[in-house]
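Heads up, the thing below is written out as structure tokens.
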Amino acid sequence: MNSPIGVFDSGIGGLSVLQALQAALPLEHFVYLDDSAYAPYGERGDGHVVQRSRAITAYLRQTHGIKALVIACNTATMAAVALLRAEHPDLPIVGVEPGLKPAAAASQTKRVGVIGTRGTVTSAKFNALRLSLQDQAEFIVQPCDGLADAISRSVATDDDTKTIALCADYISAMGPFGSNPGEIDTLVLGCTHYVFAQAHLERLVGPQVRILSTGEPVARRTRHLLEASSALATEGPGRVQLVTTGEPAVLQAAARRWLGFATEDAVRWSA
Ligand code: DGL
């Protein structure tokens, strides 16, 4: 089936998921929707995120005829995935959530750091997940107000200063990192934007700390769902279309900086 797969995020963070999707599914067409005009999601409350998630899903279905949807945003997954699945029972939907389970399994010290937006780490879904794993590891959870926004702005200004300062503040607030008993040896990136700050985070936590993100498991899950419904594309190469409610030039610059493949020129959706 040659219809595209829709992928959305509040901004550029979901490009980290798109990268993994494109690597796993090179024959597929993708439409990537960046909702920058309504970002950040993480500090705006569930009502806003649910309303945007519904509007975007309707747009991607009506205008682009998507065959599957990937919510490349932890905050939107936490707030809206159950509702979107109920409203679109015929559409395969994959969400992203912080990888607490693989982190608990990988950690030797059984101390796992989790960074995410305030919306994600205060959600009922996240806290149920955390509770279900509480006998496997201790989770040190840090909401990172402003970090996704700083990462987005760094593309427009080509200046990472604020991103680096925020990463340093939040990492130092979580306590010692390392591989000795009592130290945090695994860090979960619970926001898709943070993948683009990974180099700064690695410098701050040190080489012994494993950093986990969710792009690859999400790509595997998407592939599996398409296979199960015989909906995989059979002819390539796939195209990647970029759509934004914000500035097309900014999305284009982010794609050039972070994706290792060509896309069509970004266009604006005036939602
Ligand atoms: N990229 C998003 C996430 O994974 C949210 C960023 C925002 O606050 O808009 O949670």
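Every number for a ligand or one of its atoms is a count from 1 in the order of the listing. In what follows, every heavy atom counts, from backbone to side chain, and hydrogens, waters and symmetry copies are set aside.
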Element-labelled atoms of ligand 1 that are located less than 4.0 Å from some non-hydrogen atom of Asp9: 1 (N), 2 (C)
Atom indices of ligand 1 within 4.0 angstrom of Gly42 heavy atoms, with elements: 7 (C), 8 (O), 9 (O)
Backbone or side-chain N or O of Cys191 under 3.5 Å from ligand 1 N or O: no
Any N or O of Glu43 closer than 3.5 Å to N or O of ligand 1: no
CA sep, side-chain torsions, deciding dist, call: Thr263, Gln252, side-chain contact (heavy atoms from CB on, under 4.5 Å): CA-CA 9 Å; Thr263 65; Gln252 197 75 60; 3.6 Å; yes
Carboxylate-amine/guanidinium proximity below 4.0 Å for Lys67 and Glu28: yes
Heavy-atom proximity to atom 5 (C) of ligand 1, best of Leu15, Thr75, Ile71: Thr75
Tyr41 neighbourhood, listing ligand 1 atoms whose heavy-atom distance to it stays under 4.0 Å: 7 (C), 8 (O), 9 (O)
Ser152 side, atom OG; Asp34 side, atom CG - distance, nearest 0.5 Å: 8.0 Å
4.0 Å heavy-atom contact, Ala148 with ligand 1: yes
side-chain contact (heavy atoms from CB on, under 4.5 Å) between Leu232 and Leu25, worked out: CA-CA 9 Å; Leu232 280 172; Leu25 296 159; 3.7 Å; yes
From Gly190, Gly14, Cys73 - option closest to atom 2 (C) of ligand 1 by heavy atom: Cys73
Close-contact set for ligand 1 against Ser10 heavy atoms, below 4.0 Å: 5 (C), 6 (C), 7 (C), 9 (O)
